[in-house]
Amino acid sequence: MASAYQSYQTIERLQEAIGQEVTLNGWVYDTTGKGKLQFIKLRDGSGIAQCVVFKPNVAEEVFEAAKSLTQESSVRIVGTVRAEERAPGGVEVDVKEIKIWQIAKDYPITPKEHGDAFLMENRHLWLRSTRQHAIMRVRATIVKAIRDFFDGNGFTLMDSPILTPAACEGTSTLFETEYFDLGKAYLSQSGQLYGEASAMAQGKIYTFGPTFRAEKSKTRRHLTEFWMVEPEAAFFELADDMDLAEDFVEYIVQTVLKHRQQELAALGRDVTKLEKVRRPFHRMSYTEAVEWLNKNNVKLNRKQADGTEIQVDFPWGEDFGAPQEEALMQQFEKPCIVHRYPTEVKAFYMKRDPENPKVALAMDMLAPEGAGEIIGGSQREDDFEALKERILSHDLPLESFEWYLDLRRYGSVPHSGFGLGLERTVKWITGAEHIRETNPYPRMIYRIQP
RNA sequence: UCCGAAGUAGCUCAGUUGGUUAGAGCAUCUGACUGUUAAUCAGAGGGUCGUAGGUUCAAGUCCUACCUUCGGAGCCA
């Protein structure tokens, strides 16, 4: 006897079963009655199949069962598959038997429109809708593409811990918890520091897992819990890091195009835009970007002491906000890497450019179509004294970073890496309006249910 | 944290200068129909108008506070 995962017929493969009798298990997505004719749209997680019950052809109790079905009731249907032009997808099931697992009463999400708050309160049910189903399938494909890319290019998976003793980039945005007798522990906001140690052991590594930011950000680009993949490679300089990032993002996008056309179509995504995501991407230095902003009259809103706002030329040294990034990207159809940011606006572990100590060997990748920053990375400081001085000048506790400094004591080498935010990448590729749709159970500043 | 917007039926919304019994569509229930794709048609049930206080002969509507949600900024992936 075959086990359930082998024997039960999935709707995805119904085309192959034309002429055969099949058994389908699933949930009622929609019903329509037409007198002696009942249509049941059955959803089984793999797809949706139209099932038809015609009164003269079935036993009385089967027709009554069909009439009693409500949205999201769970059923097993036995019937014959046949080609039918009038049915969506070109096939339908001529129903012979119905077994009702459970009748659902008053399913809250109807085929009509709903508000954001309502859908988020019912996130556990919203996931059943066609749109959310498609986004989750694209997400799963992106995750697989990420793993395949690194696994296939000599990177070893070396996951970093989630519970950490100290901050990676300052403590202001960390979730805190008690850790037995050892005091406070924090949820990791990046696996990078551990990733660097791992790279010194394996050469090329990547970490992939959830990260946590207690930032009080309330925008359509922010989650407090999100997944990040962070490659780190010994002997990589900034140029290598940027090449890697371009290859990687191109691979992800092209893999989704190859395997998820159906889902992208269901989402109404303009795939011609994604087809253009081919190397080489655009690149410009931070300094060039500032010049571009000022040449194109993209001003910065600055608050005065009296509370009023004035518009000023973008000053060199200030970090870009979402409005600057968006303005910059409007000229491009492909992602753009902006590199060599001012040292002051970047993290302590980034190496300074030997040719210009005012800038760090940092790079961000901005995605087109308003998607914004998806990658942040850098070449790391590999000089012991320079790194130690940076830790102290950032008021970070030196004793917490002794192990990290060891990486510069024992065989320090140039090395680089970056972090790619999974949900932001899913948002860009699916064209989702809001990042809350890109994670099955998103955590946001004002929402932790369900 | 700051700026802006909104809370009316299970859901999405309308509700005029304050004025009799607060409306519609969808959903639910009953009935009709052999091709529906968010079916259609006929009928029925469904409300502490976010909470508390105030003004008034009279408050869904005006005022105050609070709560909740949404959008944006900063910060970031």
Side-chain angles (χ1 to χ4, degrees), chain A residues 29-41 48 50-57 63 67-68 70-72 84-89 92 104-122 125-126 129-130 168-170 172-173 189-192 210-230 245 300-303 307 309 318-326 345-347 364-367 371-377 418-428 433-436 438-439 444-447 449:
Chain A
Y29 192 71
D30 192 22
T31 57
T32 358
K34 196 78 170 81
K36 299 195 174 81
L37 199 56
Q38 285 284 326
F39 296 96
I40 304 161
K41 296 224 171 52
I48 294 175
Q50 174 160 287
C51 305
V52 184
V53 192
F54 186 38
K55 194 171 184 183
N57 291 356
F63 193 74
K67 272 174 73 176
S68 75
T70 55
Q71 193 186 358
E72 291 303 318
E84 170 57 69
E85 272 182 22
R86 289 172 291 185
E92 70 180 16
K105 198 159 162 41
D106 296 327
Y107 184 71
I109 301 178
T110 65
K112 281 276 183 166
E113 61 203 294
H114 298 284
D116 299 324
F118 177 78
L119 289 171
M120 283 309 298
E121 274 153 30
N122 291 287
L125 303 176
W126 189 22
S129 74
T130 309
C168 166
E169 310 177 12
S172 60
T173 60
Q189 57 186 180
S190 165
Q192 183 207 310
T211 49
F212 306 86
R213 305 266 168 101
E215 290 159 2
K216 298 207 166 171
S217 299
K218 201 176 137 30
T219 79
R220 61 178 84 176
R221 304 184 302 281
H222 286 88
L223 296 171
T224 56
E225 176 182 334
F226 64 97
W227 277 61
M228 187 153 68
V229 57
E230 295 174 279
L300 182 71
N301 285 334
R302 170 138 310 147
K303 244 193 189 138
E309 277 196 357
E318 191 101 356
D319 204 0
F320 296 143
Q324 287 79 39
E325 291 179 352
E326 211 159 300
V345 303
K346 287 294 177 184
D364 285 352
M365 187 188 289
L366 309 177
E373 185 177 345
I374 55 168
I375 280 179
F418 61 79
L420 172 128
L422 175 64
E423 283 80 1
R424 285 195 182 171
T425 305
V426 177
K427 178 173 178 286
W428 168 41
E433 285 288 301
H434 199 294
I435 200 162
R436 66 184 155 224
T438 64
N439 180 294
M444 290 174 294
I445 173 166
Y446 292 127
R447 186 172 293 284
Q449 293 277 354

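Chain naming here is simple, since letters A, B, ... match the order of the sequence lines and numbering starts at 1 in each.
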- Query: Expressed in whole Å, how much space separates the C1' atoms belonging to B:G23 and B:A14?
  - Reply: 7 Å

- Separation of atom CE in A:M365 from atom P in B:C76, rounded to whole Å: 19 Å

For nucleotides 40-45 of chain B, list the nitrogen or oxygen atoms of the protein found under 3.5 Å from its nitrogen or oxygen atoms, one pair per line.
none

- Query: Which whole number of Å gives the distance between the P atom of B:G47 and that of B:G10?
  - Reply: 7 Å

- Given the P atoms of B:A59 and B:C63, what is the spacing between them in whole Å? 16 Å

- Query: Looking for any heavy atom pair under 4.0 Å, which part of the strands does A:F39 touch: base, sugar-phosphate only, or nothing?
  - Reply: base

- Query: From B:U36, B:A77, B:G72, pick the nucleotide closest to the side chain of A:K218?
  - Reply: B:G72

- On a whole-Å scale, what distance lies between the P atoms belonging to B:A58 and B:G46? 29 Å

- Nearest of B:C70, B:C76, B:G35 to any side-chain atom of A:R436? B:C70

- Message: With heavy-atom distances below 4.5 Å as the criterion, would you say the side chains of A:F226 and A:T211 are in contact?
- Response: yes

- Message: Applying side chain to side chain donor-acceptor pair (under 3.5 Å), can you list everything that pairs with A:E121, at least two apart in sequence or on another chain?
- Response: none

- Message: Using atom C1' in both nucleotides, what's the gap between B:U61 and B:A6 to the nearest angstrom?
- Response: 16 Å

- Item | Stems involving RNA chain B, each a run of at least 3 consecutive Watson-Crick or G-U pairs under 3.5 Å | B:1-7 with B:67-73, B:10-13 with B:23-26, B:28-32 with B:40-44, B:50-54 with B:62-66

- Could you list the residues that satisfy ring pair (Phe, Tyr, Trp, His ring centres under 6.0 Å) with A:Y107, not counting sequence neighbours? none

- Query: Checking all strands, does A:E92 fall into the base, sugar-phosphate, or nothing category for heavy-atom contacts under 4.0 angstrom?
  - Reply: base

- Task: Could you tell me whether a side-chain N or O of A:E325 sits under 3.5 Å from a main-chain N or O of A:A322, the two making a donor and an acceptor?
- Result: no

- Nearest-Å distance, CG (A:D319) to C1' (B:A77)? 13 Å

- Query: Of all the choices, B:U36, B:C76, B:A39, which nucleotide is nearest to the side chain of A:E325 once you look at every atom?
  - Reply: B:C76

- Base, sugar-phosphate, or nothing: which does A:K41 touch, judged by heavy atoms less than 4.0 Å apart? base

- Checking A:R424 side chain against A:I374 main chain: does a donor-acceptor pair fall under 3.5 Å? no

- Task: Return the set of residues passing ring pair (Phe, Tyr, Trp, His ring centres under 6.0 Å) with A:H114 (not counting sequence neighbours), or none when no residue passes.
- Result: A:F118

- Message: Whether the side chain of A:H114 and the base of B:C11 hold a donor-acceptor pair under 3.5 Å is what I'd like checked.
- Response: no

- Note on the structure: Counting primed atoms, P, OP1 and OP2 as sugar-phosphate and everything else as base, the B/S/- map of nucleotides 25-31 of chain B against protein heavy atoms under 4.0 Å is SSSS---

- On a whole-Å scale, what distance lies between the P atoms belonging to B:G43 and B:G25? 11 Å

- Query: Looking only at atom C1', what distance separates B:G60 and B:U56, rounded to whole Å?
  - Reply: 16 Å

- Message: Regarding A:Q50, tell me which of base, sugar-phosphate or nothing describes its non-hydrogen contacts under 4.0 Å with the strands shown.
- Response: base

- Query: Among all residues two or more places apart in sequence or in another chain, which pass the side chain to side chain donor-acceptor pair (under 3.5 Å) test with A:Q71?
  - Reply: none

- Item | B:C62 versus B:A27 - spacing of their C1' atoms, nearest Å | 35 Å

- Task: Could you list the residues that satisfy side chain to side chain donor-acceptor pair (under 3.5 Å) with A:R447, not counting sequence neighbours?
- Result: none

- Message: Among residues at least two apart in sequence or on other chains, which ones pass side chain to side chain contact (heavy atoms under 4.5 Å, CB included) with A:T219?
- Response: A:R221, A:H222

- Message: So, using ring pair (Phe, Tyr, Trp, His ring centres under 6.0 Å) as the criterion, who are the partners of A:W227 when residues are at least two apart?
- Response: A:F208

- Hey, is the side chain of A:R424 pairing donor to acceptor with the base of B:C76 inside 3.5 Å? yes

- Set of ring pair (Phe, Tyr, Trp, His ring centres under 6.0 Å) partners for A:F320, sequence neighbours left out: A:Y286, A:F314

- Task: Would you classify A:D364 as touching base, sugar-phosphate or nothing, given that sugar-phosphate means primed atoms plus P, OP1 and OP2, and contacts are heavy atoms under 4.0 Å?
- Result: nothing

- Which residues satisfy the side chain to side chain contact (heavy atoms under 4.5 Å, CB included) test with A:T438, sequence neighbours excluded? A:E423, A:V426, A:K427, A:A432, A:I435

